[in-house]
Structures are given as C-alpha cells and as structure tokens.
Amino acid sequence: MSCNILKFLVQCTHEILPIRRQHNMKVYRTDEIRSVVLLGHGGCGKTSLVEAMAYVSGATNRMGKVTDGNTISDFDKEEQKREFSISTTLVPIEWEKAKINILDTPGYFDFVGEVEEAVSVADAAVIVVSGKAGVEVGTEKAWELCDKYNLPRMVYVTEMDVDDASFRQVVQDLTDRYGKVIAPHFQPIRENEKLVGYVNVIKNAGRRYTGIGQREECEIPDYCKPNLEIYREKLLEAVAETSDEFMERYFAGEEFSVEEIRAAMRTEVMEGDIVPVAMGSNIQAQGVANLLSDIVRFFPSPDCRECAGINRKTNEIYEANYDFARAKSAYVFKTMVDPFIGKYSFIKVCSGVLKGEDVLYNSDSEADEKLGKIYTMVGNKPVEVSELFAGDIGAIGKLANTKTGDTLSTKATPILYGKTEYSKPYTYMRYVTKNKGDEDKVSQALQKMMAEDVTLKAVNDSENRQSLIYGMGDQHLEIAVSKLAERYKCEVTLETPKVAFRETIKKKSDVDTKYKKQSGGHGQYGHVKMTFEPSGDLDAPYVFEETVVGGAVPKNYFPAVEKGLQESVQKGPLAGYPVVGVKATLYDGSYHPVDSSEMAFKTATIQAFKKGFMEAGPILLEPIASVKVVVPDDYTGDVMGDLNKRRGRVLGMNPVSGGCQEIVADIPMTGLFGYCTVLRSMTGGRGTYSYEFARYEQAPSDVQEAEIKKRAAEEA
C-alpha cells in the first residue's frame, strides 16, 4: 500500500514540475559563444520560445507554460501572478557544439531598463513577432534598439499553429517598413489551419514534422510555390550582392550551392544587409531546432565584435575586443538581489579568462573584489562553472563593492568601460508607509530594489515633506509597491504628490510693527518700520536692505531682523509655501535701552513680514516644465490638443528621424500627472516624452484659490 502511495506522489510531482536535467555546463571558447537577446512586443511569445529552446536542446525534460507559472524565465512571483516578464533572464542553451546565451527580455515599455541592460551585452538579436498579432509597436521599438546598438538580427514568427496566424502578412508588413533587407528563409506548410511542416527556402525543399525536433522530407505543396518563388528570388538576390563573382553567376542564371548561400548569408546578416525571417510554434516546439541552428550558423561570436574601454593607468584606449589572450576585464551589466539566494552581479567578460578565486579590481569603487565561485545562471538557478572565456556571460555572487555599470579588471591593467545609457524615469508618485515606524525598513528595501532596477528611483523631497518614487510608468510603480509587500513585507500606498508651489508679491507695502511684552524684570521691546516689494529675482527668497538713519535701530539688531526674514520666507503667509522674490527694507524703528533684544527684533520682523506680505498683492507661483514629446506625424494633432487641455503652451515642432515630430511645450508640473499613460494610449505606445523644470509662473486664480483652500484644510 505504502509503495503505491509513493508511486502516486512521484507521479504527481512529475505532473506539477517540469523536470530539469542537471546542468553540467562545460567551458566554451570565445568562438563557440553566441549571446542573443530576444526582443519583441509584450505577449508575442519570447518566454515560451525560451521554454521550447530549452526543451528541444535537452536542457529540460518538459516545457513549462507562462499560464502555469512554471517557466525558467519568469521565476519571480510578480511575473507568475501577472503572466508576463518583468526582468531580463539569462538562459544558456547548448546546441551544435556552441553555447547560446539567451537573454529573455520583458516586452512591456515600463521595463525598458531591463531591455537596455540585455541589449548592451548582446552580440545579436532575435525579434519575436506573433503570427496572429503581427507587427506591433514593440516590434518597431525592438528594431530601433538593434539599430542603436548596431546588432545583427533575425525575425522569428511565433504562433504558426494558431488558426488566424499569417506568415505572409507578417513578411509583407516587415518588408513595407524595412525594405529589401527582409529575407524569409523558411515558409510554413499548413493543412487545415495547422502547421504541419515547412519549406526550407535555402535548400528549396519541403519538410514535414514527425515529432518534437524531428522532420522528414516531403513534396512542396503547390499552394506554397508562388510565395516560395518570391522568397527565393529575394534571398538569391541578396546573396549575389556579396561579391562581383556571385553577381555574374546570378545574372548568368547559375545555381548557388547551399554552402555558398549560407556563407554569403552569414556575411550579410553580420553586416545588417539581410534580416532572415523564420517561423514556428513554441507550444509544439516546431521550428525551434532550425532557429537554434541559424543562431549558431549566422550570428557572430563575440570575437567578431568590437569592445573598448580606457586604461586608467595610461589613459589610453584599451581595445579588449573579447580577446581571451588579453588581461582580464568584465563589465557588470545587471544585478539580481534575491531575498533567498542573495546578490548576484551579472557580467560579460570583455577580455581574458575569468576563473573562480580570481581577485579583481573595481575601477569605479577603487576596491578589490575576490570572486569566489563563478556561475552561469539558468533563470534564477546558479550553475557553477570553472571559468568564463572572453565574450561569455555569467554571474558572480556577493560582490560587496560592485554595482550595475561597474568594471572589474586587474590592478596591473585597470580598465573602465563606458556605462550603458538607460531611459530616464519621469513618472512619479508620493509613497506613504502604512505602518508607523516602517520608514527605515521601506527605505532599505527600496535601496535593494534600486540596485536591481536602474530605472527605479526613490527621492526624499524635504521641501514638501514627502517621499517620491520614480519609474517608467504607472504599471512599473504599481509592481514596485507589490514587490515591497511580497518580498520585503513593507506596505506602502501611492498618492498624488504635492507640487512645489512658491509664494511672492506683486505690489509694495509699508508696515510699522512693534513687539512689546512687559513682565516682571526685563520686558521685550522691538520696533521696526519696513517696506516689502518685488525684488525681481525669483531664484532668491529675499533681498534685505537697511536705510536706517540716526541709530533709530542700532546696528547690532540688523542680524536679528534678517534672521526674522530667513524664518518667515520658509513658510509663506498665503498657503504655507516657500517665499521667493521679496525685497525687504528696514528704514526706521525704535529701541529700548533695557528691554530691547535680538529675540524682540526677530519677532517684530516676523510679524511685520506676515502683515506686509499680505498687503503687497500676494500670489502663488506654479512650477513650469519644458516638455518634449516625440510622436509619429499622424498623432501630432491629438497630442497638441491634449497638451492645451493640460494648460500647456506649444512652442514649436521639429522633425526628427523615423517620420516623427518633436513637440516642444511649456506645461505646469501639475499637468504632467498621469501623462505617461495618456500619451501611450493616445499614440498606441509610440509616443515618448521627457521634461525638465524651467521656471516659476503666476498660477491662474482658480488654481490659486483651490490650493489655498486645500492648504487651509490640511492645516486645520
């Protein structure tokens, strides 16, 4: 009986968990490595493609599913809960005597920092497109990133097992956008709306699927032939362009051999002159073996790419170029802070061969770091390796003085590599801890989260007595709050932040204020006559002058008067905001030889300021931001209309690359709340914006009245 129960439990475990074979990752030389980033729109199938790759390559015994929360890439609880990727994950795949470092990136724009980390260390990219959804905004953004980082790329069309998927339409849309570089080298064979095989355009031959990763030769169906001719012609034309000899043979009508086509394609792919398009089904693991072979065949190994830093000792350029014979150096491109398994620094080795127990020097923090063990990461599972060759990607645990963007090298040859440029976070909210006394706990948790996420920023706004959190969008901030609660057991709520208004005056006032207090012994006596008027300088809180004649107020009390002003301008009488642009002149007053004191004159000045300020036409100033919005031409009207609704003033438009316009406008800071979400929905995710503080301007009367009421209610 107990034996049967045991069998049943084992069977259940097998049902629930995808069984992973134990990785014994061998060491790969630089020329055997391919580091490839998967890019594409959210939900196009990047994570399930990684599962299929791991399964087909034998790294796992069963494919996980995003919907079941058991994939290698999406190991974080937030990812499993939401069913999309939030972080970049490294999954090494061994295929055809090569090691392919797959970097699986998030598709949603709020997590662009993770994508930028991955792209900065990849040597090539696979842009994943859903055969059902087609070319989306995320596809366009992926292409732009590849252009920016000069990455060779391929397109892989997923979901070819779905009824309404159309490979032909995707190829057409890509060609319309990117021209003749698009070169499909596989074509689906579909029967009854199901993917049953493919045509290899290079070999001009049909293949039918017989099992996972297995196929057999078959006839090319007649309905495939018209498109096949078009695809093959495009491919041969591209091959012909690689040399004069090929061009002559092409025009003479000669055939190229499969080897010649592949060799020419490798050259063209690496130079960006061809973007091959392949296809398959992630769920059925069809087309994945071909993709893995193409990655090994057409993509460059790291030693084909350039990489340079600065030698700190000689101040000369250090050309590392992923040469394993040079001095050791590595760039830290990502940090993972896991409450259970600790901190891991993800590195790309730029030169030399890294070994466990190496002691390296961090040129940024000027500290030595003992490496201990070296790992390659399979999702969140560290797998130990004895060494990492130049161009390889791995991870090192528990580096105390190292953060994302740092360089590790030898002390004899201290190198500094340029830091990756990340998108700047512009969406911000105020956060408030739910439990009193949790402030330190929240602050420490946020420090760990910021070490992991370069686009998350926590800022203490002391002027408005509020804590702010910045991210790439509302979803980014929402997930940060969720992680704080889930991982670090700190609960915070997000609120609309207070805006840093200012107070100033428009007119001149003249006040006479006496502070007199009589009690047993010494009394208090201070008497000031002052004028208050605009100083014309909104950058300085106040300007103080004295024009007292005949010693009506002795000189030794002038500092006390100024102290009274210093205190008064911190919190204005109108709505409690800091005061700017006031000129205060002390022109007369009186004193008592016994009762006058610094304290009395300071108090008299504070009273004079309150009265004088309110009599001098007090107004509220609101902060104005200079905003730049970049959108495709088609959306300029909608965006300008929305900016006007937000009290923005459009100052002009400049054409920028890619058929876009940059709209420049001035807008009150209050008009930017929630702007990220609105802009994305208005432009289908194509619009981006940036802003910086420009100046202060008088707030309209309705805004002023509402703010004064609000502050009065808060003070009550």
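For the numbers below, each heavy atom of this structure counts, side chains included, while hydrogens, waters and symmetry mates do not.
- Note that R177 lies outside the cation-pi zone of W143, set by a 6.0 Å cut-off to the ring centre and a 45° limit from the axis.
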Criterion side chain to side chain donor-acceptor pair (under 3.5 Å) on S345 and T402, from CA distance to verdict: CA-CA 8 Å; S345 301; T402 298; 5.8 Å; no

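- In this structure, K507 does not pair ionically with E615, as no charged nitrogen and carboxylate oxygen lie closer than 4.0 Å.
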Let me check something: any side-chain donor-acceptor pairs from residues 526-534 under 3.5 Å, sequence neighbours excluded? List them with distances.
| from | atom 1 | to | atom 2 | distance (Å) |
| --- | --- | --- | --- | --- |
| H527 | ND1 | S590 | N | 3.4 |
| H527 | ND1 | S590 | OG | 2.6 |
| H527 | NE2 | D512 | OD1 | 2.7 |

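- For the pair K448 and Y488, the cation-pi criterion (under 6.0 Å, within 45° of the ring axis) is not fulfilled.
- Classification of E452 and R487 as a salt-bridged pair holds, one side-chain N sitting under 4.0 Å from a carboxylate O.
- Contact check on K555 versus E546 returns no salt bridge, with no Lys/Arg side-chain nitrogen under 4.0 Å from an Asp/Glu carboxylate oxygen.
- For F673, the ring pair (Phe, Tyr, Trp, His ring centres under 6.0 Å) partners are Y428, not counting sequence neighbours.
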K506/Q698 under side chain to side chain donor-acceptor pair (under 3.5 Å): CA gap, chis, key distance, verdict: CA-CA 10 Å; K506 300 270 286 189; Q698 183 173 345; 3.1 Å; yes

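- Note on R695 versus E622: no salt bridge recorded, every NZ/NE/NH1/NH2 to OD/OE distance being 4.0 Å or above.
- Under the 3.5 Å distance criterion, with hydrogens and angles disregarded, a donor-acceptor pair is assigned to the side chains of S597 and Q524.
- Take H476 and apply the ring pair (Phe, Tyr, Trp, His ring centres under 6.0 Å) test, not counting sequence neighbours, and it matches F111.
- T420 and E116 are not linked by any side-chain donor-acceptor pair at a separation below 3.5 angstrom, with hydrogens and angles left out of the test.
- Between F501 and Y577, the ring planes lie tilted relative to each other; the angle falls in the 30° to 60° range.
- With respect to R649 and E697, a salt bridge is recorded, a charged nitrogen being found less than 4.0 Å from a carboxylate O.
- Using bins of under 30°, 30° to 60° and over 60° for the plane-to-plane angle, the ring pair Y331/Y417 lands in the perpendicular bin.
- Between F346 and F333, the ring-plane angle classifies as perpendicular under the 30° and 60° cut-offs.
- With 3.5 Å as the limit, one finds no donor-acceptor pair spanning the side chains of N401 and N362.
- Remark: K403 does not engage D364 in a salt bridge, criterion side-chain N to carboxylate O under 4.0 Å.
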